[in-house]
Amino acid sequence: MQLVPEDKSNRRSAGRREKGDRRRSSERRGRDRRLGSDEDVARRLPDDFMRARGTPGDRTMSLVNLYWTATEEADRLELAQALLPILEELAGPSERVTDGHRRSCQELVVHWAARLR
């Protein structure tokens with residue numbers, strides 16, 4: 001399965017603000033600060049993947065975009081493509097998250113983040 005970056009064509013124009021935009025963006029910044037280390041976030045990915053909706057590729061890309069917003073888009077796409085085989089295993093209706101899934105995501109993210117530094 002090939003991942004593609006999120007389609008941003010239906011978003012509001014950057015220059016136009018609507019009521020509540022400032023509050024929502026500050027809430028996002030606050031949430032980003034509380035996410036924790038890459039290792040902590042990576043261990044949560046399988047559980048978050050199970051709660052997300054959509055195709056496995058869409059779910060994976062959405063989570064990567066949510067947790068690594070400050071990272072270049074090409075690097076986020078690379079991470080999502082690397083995570084997809086691990087998370088895709090969880091796409092079945094009776095699948096359960098194991099510590100192996102969490103550990104695999106953690107190791108992958110740690111190596112990916114170290115390469116970016």
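The structure presented is a predicted model; accordingly, all values stated were derived computationally and were not measured.
Side-chain atoms of Ser62 and Asn65 form no donor-acceptor pair, as typed in the model, at a separation below 3.5 Å.
Listed here is the closest heavy atom pair of Ala52 and Arg59: O-NE, 3.5 Å. Residue Pro46 comes nearest to Leu90 through the heavy atom pair CB-CD1, 3.7 Å, listed as atom of the first residue, atom of the second, then distance. Nearest heavy-atom pair, Arg76 versus Thr69, reported as atom, atom and distance to 0.1 Å: NH1-O, 3.6 Å.
Using a 4.5 Å cut-off on side-chain heavy atoms (C-beta onward), Leu87 and Pro56 make no contact. Inter-residue side-chain proximity for Phe49 and Leu83 is flagged as unmet; no heavy-atom pair is nearer than 4.5 Å. Within the 4.5 Å cutoff, no side-chain heavy atoms of Met50 are placed close to those of Arg96. Proximity of Leu108 to Leu79: side-chain heavy atoms (C-beta onward) are separated by under 4.5 Å at one or more points.
Note that OG of Ser37 is 8.0 Å distant from CD of Gln106, once rounded to the nearest 0.5 Å. To the nearest 0.5 Å, atom CG of residue Leu77 and atom OG1 of residue Thr60 are 11.5 Å apart. Atom SG of Cys105 is separated from atom CD1 of Ile86 by 4.5 Å, given to the nearest 0.5 angstrom. Ser104 OG to Asp99 CG: the interatomic distance, rounded to the nearest 0.5 Å, is 9.5 Å.
Every residue meeting the side-chain contact (heavy atoms from CB on, under 4.5 Å) condition with Glu89, not counting sequence neighbours, appears here in chain and number order: His101. In this structure, the side chain to side chain donor-acceptor pair (under 3.5 Å) partners of Arg102, at least two apart in sequence or on a different chain, are Asp47. Arg51 is linked by a side chain to side chain donor-acceptor pair (under 3.5 Å) to Asp48, counting only residues two or more places apart in sequence or in another chain.
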Could you walk me through whether Val109 and Glu39 pass the side chain to side chain contact (heavy atoms under 4.5 Å, CB included) check?
-> CA-CA 7 Å; Val109 168; Glu39 289 182 50; over 6 Å; no
Quick one: do Asp75 and Trp112 satisfy side chain to side chain donor-acceptor pair (under 3.5 Å)? Show the steps, please.
-> CA-CA 9 Å; Asp75 293 324; Trp112 171 80; 5.2 Å; no
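A cation-pi geometry, defined here as NZ or CZ lying under 6.0 Å from the six-membered ring centre and within 45° of its normal, holds between Arg44 and Tyr67.
The hydrophobic cluster containing Trp68 also contains Leu116, counting ILVMFWY residues as joined when their side-chain heavy atoms lie under 4.5 angstrom apart, directly or transitively.
Salt-bridge formation is detected for the pair Arg115/Glu78: a Lys NZ or Arg NE/NH1/NH2 atom is positioned less than 4.0 Å from an Asp or Glu carboxylate oxygen.
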